[in-house]
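Okay, structure first, notes after.
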Amino acid sequence: MMNSAFSAVELAPSDPILGLTELFKSDSNPNKVNLGVGVYYNDDGVVPLLDCVKTAETQIVAKHRARAYQPIDGNAKYNKLVQTLLFGAESEVLDSNRIITAQTLGGTGALKVGADFLKQVVGCTDVWISDPSWANHRGIFGNAGLNVNVYPYYDSETRGIAFGPMVDQLKALPQQSVVLLHACCHNPTGVDLNEDQWRTVVDIVVDRGLIPFLDIAYQGFGSSLDEDGFVVRLFAERCRSLVISNSFSKSFSLYGERIGGLSIVSDSAEEAKRVQSQLKCLIRTNYSNPPIHSGALVETVLANQDLKKQWDLELGGMRERIKRVRSDLSTNIAKLCPGVDFSFITKQKGMFSYSGLTREQVIKLREEYSVYAVESGRICVAALNSKNIKTVSEAISQVII
C-alpha cells in the first residue's frame, strides 16, 4: 500500500482570532464576553440586519431575476456607485475616466486581486505595512509573492502615532515600493493620522515615487462617510497611480455576503483600460466573476436617495454607539481604578482599540474572567454593550491593578 499523498501535510496553526472564538464557544461561563472577532454587534449583542438592506432585499426578490453570470469585474452600475462613494461625484479622476473598479469578494478579495496585480503585472517586489497591521495583510501579500516589510506606526508609550519614525522610514523606501495605508479607523489600533500628517505622507509618496495601496474597510465608522473618505480623495488628487480596496461588510452589516471593491487610479483613460484588461485576466483565473445578490443589495441602496439616507443614519447610529461604549468603558475604569488613565480609548476611532493590556493580562482576563481578547491587547469595542460592559470593566480593573 502506498502512503497517502497528503501524509506529510502538517497541521497549520490556528488563526489567532478564529481560534479564540473556538475557545470562547467551549467556555461554559454564562457571562463570557468575546472581544476578539471584528464584528459589529448591536446593544442586544447580535449582528444587526439594517432596515435599508431589508428594503433593498424585498425589492430585489420581488423582481425574480434570473441568475446569469455577471461580467468578470462585476456590475458596471455597482462599480460606478462605489467610485462615487469613494472619490466624490465631482472628482476629476472620475470625469477623466482614470479609475477602474472591480466588484470583489469583500475587502479581502480586493486586497488579494490587488496584490496579484502588483506582483504579476506591475512587477513589484516589496510591500510595506504598518506595525502593527491587520494580521491578514501579511498573509495576503506574502502569498502573492511580495516581500512584506513594516514601517513604524503605533507608539505604545504615547498610545499615538510614531509619526517621526514612520516618516523617516517612508522617506527611505526605494521607488515602486508598495505602501499599504489604512485610510481610516486603523485596524488594530484605532489610532488614525490627522489631516496634516496625511498631507505629509502623500507628499512623501509622490516625491519618492511610491505606490500607495489604501485599505478602507470602515468608511463611516470614524467620523462620517464624507470625512472618512478624505484620505482617498487626497491621494487621488495627487497620485498618478493609486490602488484602493474597500469593503461593505461592516458598514452594511453584510459579513457573510462578501462584498467589496478594488479601484485603481491610472495616469490616463487609455492606461486605465489596459489595467482593467489585466485585472479581468487575474479574476477570471481566480473566482471567474462575482456573485449577484450582495452587489445588488449595495447597488440598490446607493442608487436610491431615500435608502442611501437611511443607510447613512443607521451607520451613524452604529458609529455613535461605539463612541458611547468607549466613553463608558473609560469612565468605569477611572472609577474602579483611581489614578489609571484609560481616556485614550475615547480618542481612538472605529471598531478596534489597542487597549494597552499585556499578553499576560489578556490571558488572565480569559482564564479567570471569561473575557476574550487578542493577545496583542486588541479588543473589538463594537462587541461591548450595556449588558456586558460592567463585567468587562470589572475584569479589566482586576488585571491591571
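Residues take their numbers from the sequence shown, with the count starting at 1.
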Gln103/Gln70 under side chain to side chain contact (heavy atoms under 4.5 Å, CB included): CA gap, chis, key distance, verdict: CA-CA 10 Å; Gln103 178 186 336; Gln70 288 208 106; 3.5 Å; yes

Q: Would you sort out whether Glu394 and Lys390 count as a salt bridge (Lys or Arg N to Asp or Glu O under 4.0 Å), showing the intermediate values?
A: CA-CA 6 Å; Glu394 290 174 349; Lys390 182 174 183 290; 2.8 Å; yes

Set out, in order, the CA-CA distance, both residues' side-chain angles and the distance that settles salt bridge (Lys or Arg N to Asp or Glu O under 4.0 Å) for Lys323 and Glu320, then state yes or no.
CA-CA 5 Å; Lys323 290 180 181 179; Glu320 293 307 311; 3.5 Å; yes

- request: Could you walk me through whether Lys387 and Asp44 pass salt bridge (Lys or Arg N to Asp or Glu O under 4.0 Å), step by step?
  value: CA-CA 8 Å; Lys387 301 173 184 64; Asp44 293 321; 3.3 Å; yes

Exercise for review: Would you check, one step at a time, whether the test salt bridge (Lys or Arg N to Asp or Glu O under 4.0 Å) holds for Glu271 with Arg98?
Suggested key: CA-CA 8 Å; Glu271 183 178 280; Arg98 293 195 292 116; over 6 Å; no

| message | As a quick check of understanding, evaluate side-chain hydrogen bond (donor to acceptor under 3.5 Å, both in side chains) for Ser96 and Glu92, giving each step before the final call. | response | CA-CA 6 Å; Ser96 59; Glu92 182 275 330; 3.3 Å; yes

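Taking 4.5 Å as the limit, some side-chain heavy atom of Val201 sits within range of a side-chain heavy atom of Leu193. No side-chain heavy atom of Ile379 sits less than 4.5 Å from a side-chain heavy atom of Val374. At least one side-chain heavy atom of Arg67 sits under 4.5 Å from a side-chain heavy atom of Ile292. Residues Tyr354 and Pro132 meet the side-chain proximity criterion, which asks for heavy atoms closer than 4.5 Å. In this structure, the side chains of Ile401 and Gln398 come closer than 4.5 Å at one or more pairs of heavy atoms. Two residues are said to be in side-chain contact when any heavy atoms from C-beta on lie closer than 4.5 Å; Val179 and Phe213 fail this criterion. Contact check for Lys119 versus Phe141: no side-chain heavy atoms found under the 4.5 Å cut-off. Residues Thr200 and Phe163 form a side-chain contact, since some pair of their non-hydrogen atoms from C-beta on lies under 4.5 Å apart.
A donor-acceptor pair under 3.5 Å is formed between the side chain of Asn143 and the backbone N or O of Gly139. Using modelled atom types, no side-chain atom of Ser133 and backbone atom of Ile129 make a donor-acceptor pair closer than 3.5 Å. Put simply, the side chain of Ser330 never gets that close to the backbone of Ser327: no donor and acceptor are under 3.5 Å apart. The backbone N or O of Pro48 lies less than 3.5 Å from a partner atom in the side chain of Ser253, making a donor-acceptor pair. Between the side chain of Gln59 and the backbone N or O of Ala56 there is no donor-acceptor pair closer than 3.5 Å. Of the possible donor and acceptor atoms, one in the side chain of Glu314 sits under 3.5 Å from a partner among the backbone N and O of Cys52. At least one donor-acceptor pair under 3.5 Å links the side chain of Ser91 to the backbone N or O of Val93. Between the side chain of Asp116 and the backbone N or O of Ala144, no donor-acceptor pair lies under 3.5 Å. The backbone N or O of Asn385 sits less than 3.5 Å from a side-chain atom of Asn388, completing a donor-acceptor pair. Checking side-chain atoms of Gln219 against main-chain N and O of Leu225 turns up a donor-acceptor pair under 3.5 Å.
Pairing each heavy atom of Cys124 with each of Leu146, the nearest pair is O-CD2, 3.3 Å. Looking at every heavy atom in both residues, Val362 comes nearest to Ala373 through CG1-O, 3.3 Å. Across all their heavy atoms, Ala102 and Ile283 have their closest contact at CB-CD1, 4.0 Å. For the pair Ala383 and Asn34, the tightest heavy-atom approach, listed with the atom from each and the gap, is CB-O, 3.4 Å. Residues Leu105 and Pro291 share a closest heavy-atom pair of CD2-CD, 3.6 Å. Smallest separation of non-hydrogen atoms from Thr101 and Ser263: OG1-OG, 2.8 Å.
Note: Phe87 and Phe235 fail the aromatic proximity criterion, with ring centroids not under 6.0 Å apart. Here the two rings, on His186 and Tyr153, have centers that are under 6.0 Å apart.
Legend: ring-ring contact (aromatic ring centres under 6.0 Å, His included) pairs involving residues 37-82, not counting sequence neighbours: none detected.
The closest side-chain donor-acceptor pair between Gln276 and Asp73 falls under 3.5 angstrom. Checked by atom type, the side-chain pair Asn31/Thr391 shows no donor-acceptor distance below 3.5 Å. Counted by atom type alone, Asp226 and Ser224 present zero donor-acceptor pairs between their side chains at under 3.5 Å. For the residue pair Asp192 and His182, no side-chain donor N or O sits within less than 3.5 Å of a side-chain acceptor on the partner. Under the 3.5 Å distance criterion, with hydrogens and angles disregarded, a donor-acceptor pair is assigned to the side chains of Arg258 and Ser249. For the residue pair Glu22/Ser26, the side-chain donor-acceptor check at 3.5 Å is not satisfied. Remark: the Tyr218 side chain and the Asp228 side chain contain no N/O donor-acceptor pair separated by less than 3.5 Å. Remark: the Ser177 side chain and the Asp126 side chain contain no N/O donor-acceptor pair separated by less than 3.5 Å. Side-chain N/O atoms of Gln348 and Arg326 include a donor and acceptor closer than 3.5 Å.
The environment of Glu157 atom CD is sparse: at most 12 non-hydrogen atoms of other residues, nucleotides or ligands sit within 6.0 angstrom. Heavy atoms of other residues, nucleotides or ligands lying less than 6.0 angstrom from CZ of Arg359 number 12 at most. Arg284 CZ: 12 or fewer foreign heavy atoms inside a 6.0 Å radius.
Partners of Lys171 by salt bridge (charged side-chain N to carboxylate O under 4.0 Å, His left out), not counting sequence neighbours: none found. For Tyr372, the ring-ring contact (aromatic ring centres under 6.0 Å, His included) partners two or more places apart in sequence, or in a different chain, are Phe24.
Taken from CG in Asp328 to CD1 in Ile333, the straight-line distance is 11.5 Å, to the nearest 0.5 Å. Taking SG from Cys239 and CG from Asp267, the interatomic distance works out to 11.5 Å, rounded to the nearest 0.5 Å. Considering SG of Cys185 and CD1 of Ile322, their distance stands at 8.0 Å, rounded to 0.5 Å. Note: Lys77 NZ to Leu302 CG = 10.0 Å, rounded to the nearest 0.5 Å. One distance of note links OH of Tyr287 with CD1 of Ile72; it measures 10.0 Å at 0.5 Å rounding. Note that OG of Ser353 and CD1 of Ile345 are 3.5 Å apart. Values are rounded to the nearest 0.5 Å.
Ion pairing between Lys54 and Asp51 holds under the 4.0 Å rule for side-chain N and carboxylate O. Ionic pairing of Glu237 and Arg233 is not present here: no N-O contact between side-chain nitrogen and carboxylate oxygen is shorter than 4.0 angstrom.
Judged by a 6.0 Å distance limit and a 45° cone about the ring axis, Arg319 is not positioned over the six-membered ring of Phe221.
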